[in-house]
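Shown next, in structure tokens, is the structure this report addresses.
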Amino acid sequence: MAPVVDNTESAALERRKALTGASGPLALVKNIKVFGIACFACLGGFVYGYNQGVFSGILTMTSFASHMGEYVQDQTKKGWLTSIFELGAWFGCLYSGFIAETLSRKYAIILNVGIFIVGVIVQCLGVVAGASAILGGRFITGLAVGAMSVNVPNYNAEVAPPEVRGSLVALQQLAITAGIMVSFWIDYGTNNIGGTGASQSDAAWLVPICLQLIPGLALGIGMLFMPFSPRWLVHHGRESEARHVLASLRGLDEDHELIELEFLEIKAQSTFEKRSTAAKWPHLVDLTPINIAKLQFVAIGSLFTTKAMFRRVIVATVTMFFQQFTGINAVLYYAPSIFQALGTSSNTTSLLATGVVGVAMFIATIPAVLYIDKLGRKPVMLTGAAGMAACHFIIAGIFGSYQHSWGSHKAGGWAAVAMVWLFVVNFGYSWGPCAWVIISEVWPLSNRAYGIALGASSNWMSNFIVGQITPTMLQHITYGTFIFFGLLGCTGGFLFIWLYVPETKRLTLEEMDILFGSRGVAEADAKRMAEINKEIGLEDLLRGIGMDKTHSNGETSSSDGDEKLGGKGKDEQIELVL
């Protein structure tokens with residue numbers, strides 16, 4: 001049974017949908033300013049992807065191995081050299097919520113760029129300090145990248161209008177795949193500096209590490225000129241500034257009906273969350289840094305206290321668990337090693353095959369950015385999970401049949417390589433972008449920074465485990481590695497999305513409460529929201545519009561406006577998946 005929603009919220013939802021128009025590529029063009037800002041902010045995703053991809057090629061370079069010694073030869077230590085980046089990212093997720101609330105989403109990104117630059121510099125010292133500098137530097141860069149993996153999609157979600165929110169948040173994944181693609185080809189190019197054997201220059205691996213400073217510095221400097229999140233401004237009492245930023249982002253006048261409607265919805269949700277916080281924890285109601293730090297613990301704890309909120313926890317954390325246990329980062333981190341195991345003739349050839357992985361995943365992610373708000377999250381993720389599972393099982397069959405005779409079965413080896421390429425294509429259009437979209441859009445305003453951090457922390461901890469165990473698995477159970485990921489991550493993920501996760505496309509961040517039934521849990525919450533809607537003027541605004549009458553300022557009603565704006569009629573019902 002659908003949750004009970006007061007008439008004011010239903011009317012606001014219908015009117016805003018009538019005014020926004022269609023989703024998809026045309027909506028991106030219509031919101032070109034927001035699209036441009038989000039693209040720039042996604043340099044954080046590019047840096048994240050570059051870090052993920054660049055190390056796979058470096059691990060196979062002769063000159064790098066000469067400085068790392070047993071940390072390349074021993075599979076367990078090799079796992080640590082790779083996965084310590086994810087461990088740092090997990091810790092970065094833990095502090096990301098605090099700085100996002102105290103400094104703003106914008107300044108949180110800038111701060112983490114500074115931390116990232118320090119980590120890159122420390123890694124460059126590996127040429128003299130060896131493995132200790134690489135371990136320390138990758139942990140520090142992990143801190144920054146982990147925090148930005150939360151802050152960037154959070155920022156994008158909060159500046160985006162509902163009809164393109166999924167596409168803009170999906171840009172994070174597109175930027176990640178772009179970073180991976182670029183890093184793979186840089187590894188392929190620098191691998192030949194000084195030769196590929198004992199004469200190989202240290203520049204072969206130092207250049208790829210140093211190059212990531214360029215997008216990092218560009219992001220840090222550019223974010224100084226980006227707007228604040230209007231949602232963060234409202235929540236911190238800067239309403240006049242929030243209205244101005246919102247109007248600027250939408251390209252409309254501050255007194256436009258859509259700006260007024262969206263602003264009041266944001267304000268209503270913010271007021272609701274503040275009063276709910278005051279009712280539960282009155283000593284933390286003032287948004288001081290100390291109170292925000294304390295609130296992180298009690299707010300995360302509160303996510304587990306009601307059935308509706310705990311459902312969000314399950315959706316966010318388990319989705320991210322399955323995203324990593326599809327085996328995507330096992331492929332990305334150890335692609336050259338996997339391709340060598342599948343019979344490619346040399347390190348150069350394996351790096352070339354790895355470069356194709358980056359291109360394939362980048363291209364596959366583009367349709368998700370363009371059409372995710374039309375197709376929805378569930379059907380795309382179900383299709384991707386089925387495709388990835390099939391690829392894993394086919395690779396396992398080929399690997400098991402020919403692993404001891406690749407020389408006489410080169411066609412089989414290249415067939416397995418092609419399946420790896422197809423695997424990353426299936427991930428690129430589905431679980432890559434959709435998982436990040438889901439964890440960025442299911443949370444209420446006051447818990448969003450903490451909720452996204454919780455989901456992302458699940459991603460990074462799972463990522464850490466995958467990075468740690470993959471070298472040992474490839475050495476000891478060989479083709480069983482692909483069966484493991486095909487069964488646990490892909491098949492398990494398919495069942496989880498199919499049976500448990502609701503569809504969330506085209507709903508505002510505030511409307512997620514309706515979808516998950518948060519305000520239906522207690523009658524007092526519904527009454528509080530109704531009082532707030534009346535108090536801030538949202539109810540009066542909708543009554544003045546009339547919904548089926550001509551507006552006093554000459555604008556058409558929702559039914560007429562639909563024809564001009566290409567939107568859907570007011571009779572469209574919101575699908576509530578319970």
Side-chain angles (χ1 to χ4, degrees), residues 38-59 82-83 85-86 88-89 92-93 109 112-113 116 119-120 123 138 141-153 155-156 168-188 208-219 320 323-324 326-336 351 354-366 368-369 421 423-425 427-437 440 456 459-460 462-464 466-467:
C39 283
F40 188 83
C42 279
L43 276 173
F46 181 89
V47 169
Y48 165 21
Y50 189 96
N51 252 282
Q52 280 192 303
V54 76
F55 210 65
S56 65
I58 289 175
L59 279 172
T82 302
S83 62
F85 172 80
E86 283 70 42
C93 286
I109 294 172
N112 281 296
V113 167
F116 173 80
V120 172
Q123 286 184 69
R138 281 182 61 77
T141 54
L143 288 173
V145 171
M148 285 193 287
S149 73
V150 177
N151 298 147
V152 170
Y155 178 82
N156 282 352
L168 290 182
V169 176
L171 280 175
Q172 168 79 351
Q173 182 62 28
L174 183 63
I176 290 171
T177 58
I180 292 170
M181 177 180 66
V182 170
S183 71
F184 283 165
W185 287 105
I186 287 176
D187 280 345
Y188 176 71
I209 288 177
C210 292
L211 283 177
Q212 60 194 312
L213 288 171
I214 297 175
L217 286 170
L219 175 63
M320 279 307 190
Q323 188 210 49
Q324 287 307 306
T326 60
I328 182 60
N329 280 318
V331 172
L332 297 180
Y333 293 145
Y334 302 107
L351 287 175
T354 302
V356 176
V357 166
V359 174
M361 190 159 69
F362 176 77
I363 294 175
T365 306
I366 295 175
V369 175
W421 293 339
F423 167 83
V424 298
V425 167
F427 180 86
Y429 73 76
S430 62
W431 281 75
C434 288
W436 287 106
V437 169
S440 70
N459 175 281
W460 285 114
S462 302
N463 200 338
F464 167 71
V466 168

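Counting from 1, the numbers follow the sequence of the chain as shown. What's counted below: heavy atoms across the whole structure, side chains too, no hydrogens, waters or symmetry copies.
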Please evaluate residues L219 and M148 with respect to the criterion side-chain contact (heavy atoms from CB on, under 4.5 Å), reporting the C-alpha separation (whole Å), side-chain torsions for both, the decisive distance (0.1 Å), and the verdict.
CA-CA 11 Å; L219 175 63; M148 285 193 287; 3.8 Å; yes
Looking at side-chain heavy atoms only, is the closest gap between V182 and F46 below 4.5 Å?
yes
Taking only residues two or more places apart in sequence or in another chain, which ones pass side-chain contact (heavy atoms from CB on, under 4.5 Å) with I363?
V359
L59 side, atom CG; Y333 side, atom OH - distance, nearest 0.5 Å:
11.5 Å
A147: partners by side-chain contact (heavy atoms from CB on, under 4.5 Å), with sequence neighbours left out
Y95, S96, N112, N151
Separation between OH (Y50) and CD1 (I186), nearest 0.5 Å, reads 3.5 Å
For the residue pair V424 and M361, what are the closest heavy atoms and their distance?
O-CG, 3.7 Å
Between G146 and C93, what is the shortest heavy-atom contact and its length?
O-SG, 3.6 Å
Note: T354 and F184 closest approach over all heavy atoms is O-CD1, 3.0 Å
Aromatic plane relationship, W460 with Y48 - under 30° parallel, 30 to 60° tilted, over 60° perpendicular
tilted
Shortest non-hydrogen pair, G49 vs I180, comes out as O-CG1, 3.2 Å
Begin with the C-alpha distance, continue with both residues' side-chain angles, and end with the deciding distance and a verdict on side-chain contact (heavy atoms from CB on, under 4.5 Å) for L211 and V54.
CA-CA 10 Å; L211 283 177; V54 76; over 6 Å; no
Rounded at 0.5 Å granularity, tell me how far SG in C434 sits from CZ in F427.
10.0 Å
Closest non-hydrogen atom pair, A435 against Q323:
CB-NE2, 3.6 Å
How close do R138 and T82 get, counting heavy atoms only, and between which atoms?
NH2-O, 2.9 Å
Interatomic distance, CG@D187 vs CZ@F55, rounded to 0.5 Å, equals 10.5 Å
Between CH2 on residue W431 and CE on residue M320, distance to nearest 0.5 Å
10.0 Å
Verdict with reasoning, V357 to W421, per side-chain contact (heavy atoms from CB on, under 4.5 Å):
CA-CA 6 Å; V357 166; W421 293 339; 3.6 Å; yes
Once rounded to the nearest 0.5 Å, what's the spacing between atom CG of L351 and atom OG of S56?
7.5 Å
